[in-house]
Amino acid sequence: MAVKDVKKVVLAYSGGLDTSVILKWLQTTYGCEVVTFTADLGQGEELGPARDKARLLGIKDENIFMDDLREEFTRDFVFPMFRMNALYEGCYLLGTSIARPLISKRQIEIAEQVGADAVSHGATGKGNDQVRFELSYYALKPDVKVIAPWREWDLTSRTKLLEFAEQHQIPIAKDKRGEAPFSVDANLLHSSSEGKVLEEPWDEPPEVVWQRTVSPVDAPDKVTEIVIRFERGDAVAINDEAMSPATLLTRLNALGKENGIGRLDLVENRFVGMKSRGAYETPGGTILYTAHRAMESITLDREAAHLKDSLMPRYAELIYNGFWFSPERRMIQAMADASQASVTGEVRLKLYKGNVIVTGRRSPNSLYSMKHVTFEEDQGAYDQFDAQGFIKLNALRLRLGAMAGRKGGAL
């Protein structure tokens with residue numbers, strides 16, 4: 001991209017070392033006006049310093065955007081994803097992945113508002129986030145220019161970043177002067193740690209890595225019991241106390257933290273092709289996931305539930321790879337949302353030393369029939385003789401195969 005082609009850029013800005021260096025690099029390399037956007041997604045950090053640092057680096061007040069997106073994040077991104085019970089590679093609750101489309105969406109909105117012709121992010125050229133950000137940008141504003149400094153500049157090490165920062169009088173937090181032990185990304189749904197001490201997959205993560213949970217070993221030796229109420233697939237109350245989506249997830253995070261719930265040590269397959277190791281914490285999300293599946297267990301028809309489960313890996317992969325705004329994700333989402341019409345009721349859970357234990361579920365829309373399933377006298381609700389024909393019809397193709405010499409399912 002020719003430097004002269006960019007007049008104004010909206011930067012996803014955290015106020016940390018990397019994005020502060022990027023801010024100054026954009027000014028010096030592209031000679032363009034920089035607009036900063038900092039999203040409060042519940043990362044648990046004070047955002048005021050980001051505003052102060054942007055001002056210090058010459059950004060006008062009208063070009064500093066700081067938005068509290070916690071409710072929108074939970075309501076419009078996290079909850080829809082949980083309606084689908086999405087897990088990437090069987091265990092990852094997609095905490096980082098699901099935040100990127102919202103950040104991108106707001107960046108593009110700001111670009112339209114201020115007349116910017118470009119957007120920029122701080123993702124490296126090795127990871128998934130560059131893909132997630134940019135696929136979202138292009139889906140929402142196909143002609144936007146994208147600046148990805150990590151793919152352009154020659155600041156290829158922490159030492160070079162620090163030298164650039166000192167040269168341009170960018171304030172550096174004292175703990176950033178040495179090699180950081182690992183990289184952390186956080187939002188209301190989760191915290192993820194990667195790099196440095198975590199790069200050797202055989203080495204156990206040191207306890208300092210875990211940011212949001214006490215160790216299950218050290219968690220209280222007592223049970224915490226809660227009841228979560230759902231309406232049409234979304235959690236709306238804990239112990240009969242109605243809450244907004246972000247407030248509810250915040251409460252579940254606190255409960256999960258004190259009970260050591262939601263830790264995951266994962267080696268995953270990045271979209272760009274390499275494997276990476278991360279330490280993830282999703283305390284509230286782990287509780288919510290377990291409760292939602294329990295709620296569905298008595299309200300969803302068998303084949304509807306199985307169809308959802310068969311499409312879940314594809315849906316999770318779409319989110320992981322950055323295709324939130326793709327037509328196929330929207331199609332699967334429409335199916336998932338429609339499936340939740342009857343997913344209303346309550347789930348009782350026990351939280352104990354890293355475990356989420358379902359102890360009860362009830363719903364006005366329950367498909368569970370004690371009259372049919374009982375081991376006692378069912379008073380004619382179910383004729384067991386009917387099972388004979390059912391079994392024989394299902395066995396017919398197997399019997400014909402065996403008669404033709406293909407016993408035991410042989411081809």
Side-chain angles (χ1 to χ4, degrees), residues 40-47 68 70-71 73-75 77-79 81-82 85-87 91-96 98-99 181-194 197-198 204-230 234-266 278-295 346-361:
D40 182 356
L41 296 177
Q43 54 266 51
E45 296 176 353
E46 175 60 46
L47 301 185
D68 185 345
R70 287 173 293 177
E71 288 293 349
F73 176 54
T74 312
R75 181 189 65 240
F77 292 83
V78 174
F79 275 15
M81 181 176 72
F82 272 71
N85 302 318
L87 290 175
C91 50
Y92 173 37
L93 285 163
L94 297 161
T96 293
I98 195 59
F182 49 85
S183 174
V184 178
D185 177 79
N187 58 52
L188 190 57
L189 180 57
H190 93 148
S191 174
S192 69
S193 300
E194 293 182 321
V197 297
L198 295 169
E204 180 179 356
E207 190 61 28
V208 69
V209 165
W210 305 108
Q211 311 271 316
R212 294 199 166 186
T213 54
V214 303
S215 168
V217 175
D218 298 327
D221 192 14
K222 64 177 182 179
V223 169
T224 300
E225 186 169 271
I226 61 172
V227 175
I228 300 177
R229 187 168 78 243
F230 288 86
D234 292 342
V236 296
I238 301 174
N239 296 337
D240 284 330
E241 182 183 349
M243 304 178 194
S244 71
T247 303
L248 186 142
L249 185 53
T250 301
R251 182 72 60 84
L252 289 180
N253 279 336
L255 291 165
K257 176 181 180 178
E258 64 191 35
N259 286 284
I261 290 165
R263 291 188 176 188
L264 175 65
D265 180 347
L266 173 67
Y280 298 144
E281 292 172 278
T282 319
T286 300
I287 298 169
L288 185 60
Y289 173 84
T290 303
H292 182 255
R293 291 214 66 126
M295 193 76 268
E346 294 179 317
V347 176
R348 189 177 61 243
L349 307 139
K350 288 183 176 180
L351 313 178
Y352 180 69
K353 285 189 172 291
N355 296 288
V356 184
I357 306 161
V358 177
T359 63
R361 69 291 276 162

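Please read these numbers as outputs of a predicted model, since none were measured by experiment.
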Q) Do the side-chain N and O atoms of Glu281 and Thr213 include a donor-acceptor pair separated by under 3.5 angstrom? A) yes

Q. Would you say the side chain of His292 lies within less than 4.5 Å of the side chain of Phe230, judging by non-hydrogen atoms?
A. yes

Q: Side-chain contact test, heavy atoms from C-beta onward, threshold under 4.5 Å: evaluate it for Ile261 versus Leu255 and give yes or no.
A: no

**Q.** Which atom of Ala99 lies closest to which atom of Leu41, heavy atoms considered
**A.** CB-CD1, 3.8 Å

**Q.** Reported CD-to-OG distance for the pair Gln211 and Ser191, which is rounded to 0.5 angstrom
**A.** 5.0 Å

Q) Do Met295 and Thr290 pass the side chain to side chain contact (heavy atoms under 4.5 Å, CB included) test, and can you show the C-alpha distance, the side-chain angles, and the key distance before you say yes or no? A) CA-CA 9 Å; Met295 193 76 268; Thr290 303; over 6 Å; no

Q) Taking NZ, NE, NH1 and NH2 as the nitrogens, is one of them in Glu258 or Arg212 under 4.0 Å from a carboxylate oxygen of the other? A) no

**Q.** Check: His190 side chain, Leu94 main-chain N or O, donor-acceptor pair, under 3.5 Å
**A.** no

**Q.** Chi angles and distances behind the side chain to side chain contact (heavy atoms under 4.5 Å, CB included) call for Tyr352, Glu225
**A.** CA-CA 9 Å; Tyr352 180 69; Glu225 186 169 271; over 6 Å; no

**Q.** Heavy-atom pair with the smallest gap, counting every atom of Pro216 and Gly260
**A.** CG-O, 3.3 Å

Q.
Donor-acceptor check, side chain of Asn253 to backbone of Gly284, threshold 3.5 angstrom: yes or no?
A. yes

(Q) So, taking the atom named CG in Leu249 and the one named OG1 in Thr282, what distance separates them when rounded to the nearest 0.5 Å? (A) 10.0 Å

**Q.** Salt bridge present between Glu241 and Arg251 (N-O < 4.0 angstrom)
**A.** yes

Q: Determine yes or no for a side-chain-to-main-chain donor-acceptor pair under 3.5 angstrom, with Glu45 supplying the side chain and Gln43 the backbone.
A: no

Q) Can you tell if the side chain of Pro205 reaches within under 4.5 Å of the side chain of Arg263, non-hydrogen atoms only? A) no

Q: For the residue pair Thr250 and Thr247, confirm or rule out a side-chain donor-acceptor distance under 3.5 Å.
A: no

Q. Counting only N and O atoms by type, is there a donor-acceptor contact under 3.5 Å from the side chain of Asn239 to the main-chain atoms of Val227?
A. yes

Q. Could you give the distance from CG (Leu248) to CG (Leu288), rounded to the nearest 0.5 Å?
A. 7.0 Å

Q: Report the distance from atom CG of Asn355 to atom OG1 of Thr286, rounding to the nearest 0.5 Å.
A: 11.5 Å

**Q.** Exam field: side chain Arg348 to backbone Thr359, donor-acceptor pair closer than 3.5 Å
**A.** yes

Q) Taking atom CZ of Phe79 and atom CZ of Phe73, what is their separation to the nearest 0.5 Å? A) 11.0 Å

Q.
Would you compute the distance between atom CG of Leu188 and atom CG of Leu252 and round it to the nearest 0.5 angstrom?
A. 10.0 Å

Q.
For a side chain to side chain contact (heavy atoms under 4.5 Å, CB included) check, start with the C-alpha distance between Val223 and Leu351, then their side-chain angles and the critical distance, and finish with the verdict.
A. CA-CA 6 Å; Val223 169; Leu351 313 178; over 6 Å; no

Q: For the residue pair Val209 and Val197, establish whether any side-chain heavy-atom pair is separated by less than 4.5 Å.
A: yes

Q: Examine distances only and state if a side-chain atom of Lys353 and a backbone atom of Ala219 form a donor-acceptor pair shorter than 3.5 Å.
A: yes

Q. Is it true that the side chains of Glu71 and Ser244 contain a donor and an acceptor less than 3.5 Å apart?
A. yes

Q: Over all heavy atoms of both residues, which pair between Ala294 and Val347 is shortest? Give the atoms and the distance, please.
A: CB-CG1, 3.9 Å

Q | Flag side-chain contact, heavy atom, 4.5 Å: Tyr280 against Glu194 | A | yes

(Q) On a heavy-atom basis, which atom in Leu87 and which in Tyr289 lie closest, and how many Å separate them? (A) CD1-OH, 3.2 Å

(Q) Could you check whether any side-chain heavy atom of Val184 comes within less than 4.5 Å of a side-chain heavy atom of Ser192, counting everything from C-beta outward? (A) no

**Q.** Heavy-atom neighbours of Glu207 CD exceed 12 at 6.0 Å
**A.** yes

**Q.** Test: Asp40 and Arg70 ion pair at under 4.0 Å
**A.** yes

Q) Going by heavy atoms in the side chains, are Cys91 and Leu264 under 4.5 Å from each other? A) yes

Q. Quick one: does Ile228's side chain get under 4.5 Å of Arg361's, heavy atoms only?
A. no

Q: Look at the side chain of Asn187 and the backbone N and O of Gly95, then say whether any donor-acceptor pair between them is shorter than 3.5 Å.
A: yes

(Q) Using the rule given for side chain to side chain contact (heavy atoms under 4.5 Å, CB included), can you reason through Leu93 versus Phe82, listing the C-alpha separation, both sets of side-chain angles and the distance that settles it, and then say yes or no? (A) CA-CA 9 Å; Leu93 285 163; Phe82 272 71; 4.2 Å; yes

